[in-house]
Amino acid sequence: MLKIGEYTFKSRLFLGTGKFPDFEVQKEAVEVSETEILTFAVRRMNIYQPDQPNFLEMLDLEKYKLLPNTAGASTVEEAVRIARLARASNLCDMIKVEVIADQKTLLPDPIATLEATRILVKEGFTVLPYTSDDPVLARKLWEAGAHAIMPGGSPIGSGQGLLNPLYLKFIIEECPVPVIIDAGIGSPKDVVEAMELGADGVLLNTAVSRAKDPVKMAEAMKHAVIAGRLGYEAGRILKREMASPSSPTEGLLK
Ligand SMILES: CC(=O)[C@@H](O)[C@H](O)COP(=O)(O)O
């Protein structure tokens, strides 16, 4: 079971809801993934235009915990305002803090992310900051009270997988709260790698929504999370340079 703040989840797959070809495919992909946590940009919601179509209306919201995110924010003030707006709209008190510093790399602003995290923790939110793979910053975030840390595998939407598994491992080993690898996942192989490193979960969007068959990919990601977690818990063998026969020959009659 995955525990974040006061919430408990069976699934360790967090699914983003952007860029699906249409609502039907999105609904099917979400269902088949068996995710329990859906993230979406508050700015993308039609909070101001309730008459406009809204993908949340397609889903059985009893089955999912919503994780609004502050995508689109580039300052502390914007991120905090978006989080408050999400809570005031009864979306959820969990918030993924995303403060983007650079439009080319979509890398997060470390200082603003830390500051927004401090403010939102004090206001009683369950806070999950999206961060880079910097272990020092990750420490500062959980010291500030973040309920989970979400380091990026590689730039958002790039599908490059885990560029710095060593630093991600440092974060995972030190962090006393769950670590969710967020962004840059390209295929189920990347998910297995993240989970085998010991990540508590993965958050992905583009790899599913832009796959040739998003529904099939959502199912593949579900299995990858389970396989990677099982592999981590089972404990892999050590890598060795030399071969070692699968059927030991010692003790056999000559
Ligand atoms: C949906 C969301 O929160 C994204 O900002 C997230 O970081 C996913 O990134 P990918 O699209 O690379 O999976």
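Everything numeric here is computed off the predicted structure, so don't read it as measured data. Hydrogens, waters and symmetry mates are skipped; everything else that's a heavy atom, side chains included, is used.
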Should the heavy atoms of other residues, nucleotides or ligands under 6.0 Å from [atom1] of [X] be counted, would the total exceed 12?
| X | atom1 | value |
| --- | --- | --- |
| Tyr64 | OH | yes |
| Lys122 | NZ | no |
| Lys3 | NZ | yes |
| Phe9 | CZ | yes |
| Glu28 | CD | no |

Quick one: does [X]'s side chain have a donor or acceptor within less than 3.5 Å of a partner on [Y]'s backbone?
| X | Y | value |
| --- | --- | --- |
| Glu36 | Ser11 | yes |
| Arg12 | Asp200 | yes |
| Ser33 | Ala218 | no |
| Glu174 | Phe170 | no |
| Gln26 | Thr17 | yes |
| Asn205 | Gly18 | yes |

Practice task
Salt-bridge test for Glu219 and Lys216: reply yes if a basic N is under 4.0 Å from a carboxylate O, no otherwise.
Solution key: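 Looking at Glu219 and Lys216, the cut-off is not met.
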Problem - Pair Arg81 + Glu77: basic N to acidic O under 4.0 Å - result: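 No salt bridge links Arg81 with Glu77.
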Practice task
With side-chain contact (heavy atoms from CB on, under 4.5 Å) as the test, would you mind laying out the steps for Val179 and Trp142 before giving the verdict?
Solution key: CA-CA 10 Å; Val179 176; Trp142 58 257; over 6 Å; no
Exercise for the section: Step by step, work out the salt bridge (charged side-chain N to carboxylate O under 4.0 Å, His left out) result for Glu143 and Lys140. Expected result: CA-CA 5 Å; Glu143 282 173 352; Lys140 288 187 186 293; 5.4 Å; no
Handout entry: Phe14 reachable from Tyr7 in the ILVMFWY side-chain graph, under 4.5 Å edges
Key =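 Yes, Tyr7 connects to Phe14 through the hydrophobic network.
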Practice task
Mind checking the CG-CD1 spacing from Leu13 to Ile180? Nearest 0.5 Å is all I need.
Solution key: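 Here the interatomic distance stands at 10.5 Å.
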Practice task
Could you check Thr70, Asp182, Thr39 and say which one makes a side chain to side chain donor-acceptor pair (under 3.5 Å) with Lys96?
Solution key: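 Going through Thr70, Asp182, Thr39 one by one, the side chain to side chain donor-acceptor pair (under 3.5 Å) with Lys96 is satisfied by Asp182 alone.
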